[in-house]
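For reference, the structure discussed in these notes is given below.
In each ligand, atom 1 is the first atom listed, and ligand 1 is the first ligand listed. Below, all heavy atoms of this structure are taken into account, side chains as well, without hydrogens, waters or symmetry copies.
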Amino acid sequence: MKVREAGLREGISEVIVTTKSASGTFNAAPIGIITRANDYFVKLYSGSTTLSNVMETSRLTANVTDDAVLFVKAAFKHLDESYFSLFRGFPVLREADSWIVFQAMLAKKSSEYSVLHLMPNAVQINREELKAINRGLNAVIEAAILATRYPVVKDEGYQEQIITLMKRYADVVEKCGGPREKEAMEFLAEKFLK
Ligand SMILES: Cc1cc2nc3c(=O)[nH]c(=O)nc-3n(C[C@H](O)[C@H](O)[C@H](O)COP(=O)(O)O)c2cc1C
């Protein structure tokens, strides 16, 4: 399967994971796919809809995109049905550059998180564009990760550090980002910096 060609490389690839519950409800969330040699894993923190859906249906789709707005919306909003299309009844993101549908098997479970081993079932590549590194995009991703941690961190000092860092990332987005990065950062700023 052309998983590497679809964009997943050694290390951690930030994608939008789409899943389906046993009752058929779709979900999307930003998640890191871990690649070690030819093995793929996810580490899912307890309490997420993604984890409960994967435990129910044993499948997930890794949707590769560099759309900063999609990342923050998937993290903080419910994506309605218009964002999804179906591959053999399973949700993928309509706007993904590529996607990989994985079979997921529980490899490790603790009270804090579960690790799942992923086996590719199907791959689709919709778009192949050359993209230079944009610091604004990287800054949005870092800010979005901090933003998803903020509500679970109880320590006030740590929360202040998160806000300080997010402001620094907002400056990078202002300087280096394009319209999608600026819109995404504005969404985060409305929620956390105002
Ligand atoms: C770029 C990025 C990567 C993330 N990677 C993970 C991850 O690997 N595992 C995880 O459990 N949460 C990860 N998160 C946090 C989840 O996206 C977040 O907890 C989300 O609210 C879960 O949504 P859900 O309840 O709809 O599944 C990540 C967030 C961002 C912004």
Side-chain angles (χ1 to χ4, degrees), residues 7-36 39-81 83-84 90-93 96-97 100 102 104 106-118 133-154 159 162 165-166 169-170 172-173 177 180-181 183-189 191-193:
L8 300 193
R9 290 179 298 158
E10 187 79 15
I12 301 183
S13 303
E14 308 303 342
V15 302
I16 297 179
V17 162
T18 48
T19 52
K20 183 166 109 168
S21 70
S23 62
T25 309
F26 300 159
N27 189 69
I31 299 288
I33 305 288
I34 304 161
T35 303
R36 301 270 176 263
D39 275 316
Y40 305 97
F41 301 91
V42 269
K43 181 174 178 178
L44 298 175
Y45 287 93
S46 303
S48 71
T49 303
T50 301
L51 178 58
S52 61
N53 284 357
V54 171
M55 294 314 290
E56 285 176 15
T57 58
S58 301
R59 271 196 295 175
L60 62 82
T61 308
N63 297 273
V64 174
T65 176
D66 68 346
D67 186 339
V69 175
L70 260 184
F71 269 93
V72 297
K73 283 196 177 156
F76 293 103
K77 280 178 91 163
H78 178 72
L79 298 188
D80 66 43
E81 301 238 325
Y83 284 89
F84 298 93
F90 203 74
V92 305
L93 281 186
D97 290 342
I100 305 109
F102 286 104
L106 189 63
K108 185 178 172 190
K109 187 173 170 54
S110 74
S111 56
E112 264 179 70
Y113 63 84
S114 298
V115 176
L116 293 113
H117 190 203
L118 305 176
I133 289 169
N134 181 287
R135 289 177 59 207
L137 176 60
N138 293 352
V140 170
I141 297 300
E142 292 304 322
I145 289 173
L146 290 171
T148 58
R149 278 193 198 146
Y150 187 88
V152 279
V153 171
K154 300 286 175 248
Q159 284 185 333
I162 286 180
L165 273 171
M166 282 179 72
Y169 290 130
V172 176
V173 172
R180 294 303 273 177
E181 288 78 22
E183 185 182 335
M185 195 65 226
E186 187 51 37
F187 180 93
L188 293 178
K191 268 182 131 35
F192 294 92
L193 303 179

Between E56 (side chain) and A22 (backbone), is there a donor-acceptor pair under 3.5 Å? yes
Which pairs of N or O atoms, one from ligand 1 and one from the protein, are separated by less than 3.5 Å, and what is the distance for each pair?
unit_1, atom_1, unit_2, atom_2, d
ligand 1, 5 (N), G32, N, 3.3
ligand 1, 8 (O), G32, N, 3.0
ligand 1, 9 (N), K43, O, 2.8
ligand 1, 11 (O), Y45, N, 2.8
ligand 1, 14 (N), P30, O, 3.3
ligand 1, 17 (O), P30, O, 2.7
ligand 1, 25 (O), T49, N, 2.9
ligand 1, 25 (O), T49, OG1, 3.4
ligand 1, 26 (O), N27, OD1, 3.3
ligand 1, 26 (O), N27, ND2, 2.9
ligand 1, 27 (O), T49, N, 3.3
ligand 1, 27 (O), T50, N, 2.8
ligand 1, 27 (O), T50, OG1, 2.6

To the nearest 0.5 Å, tell me how far I100 CD1 sits from Y40 OH. 8.0 Å
Donor-acceptor check, side chain of T57 to backbone of S21, threshold 3.5 angstrom: yes or no? no
Check: Q159 side chain, V153 main-chain N or O, donor-acceptor pair, under 3.5 Å: yes
Ignoring hydrogens and angles, tell me if any N or O in the side chain of T61 forms a donor-acceptor pair with the backbone of N63 under 3.5 Å. no
Donor-acceptor pair, S114 side chain versus L44 backbone, under 3.5 Å? no
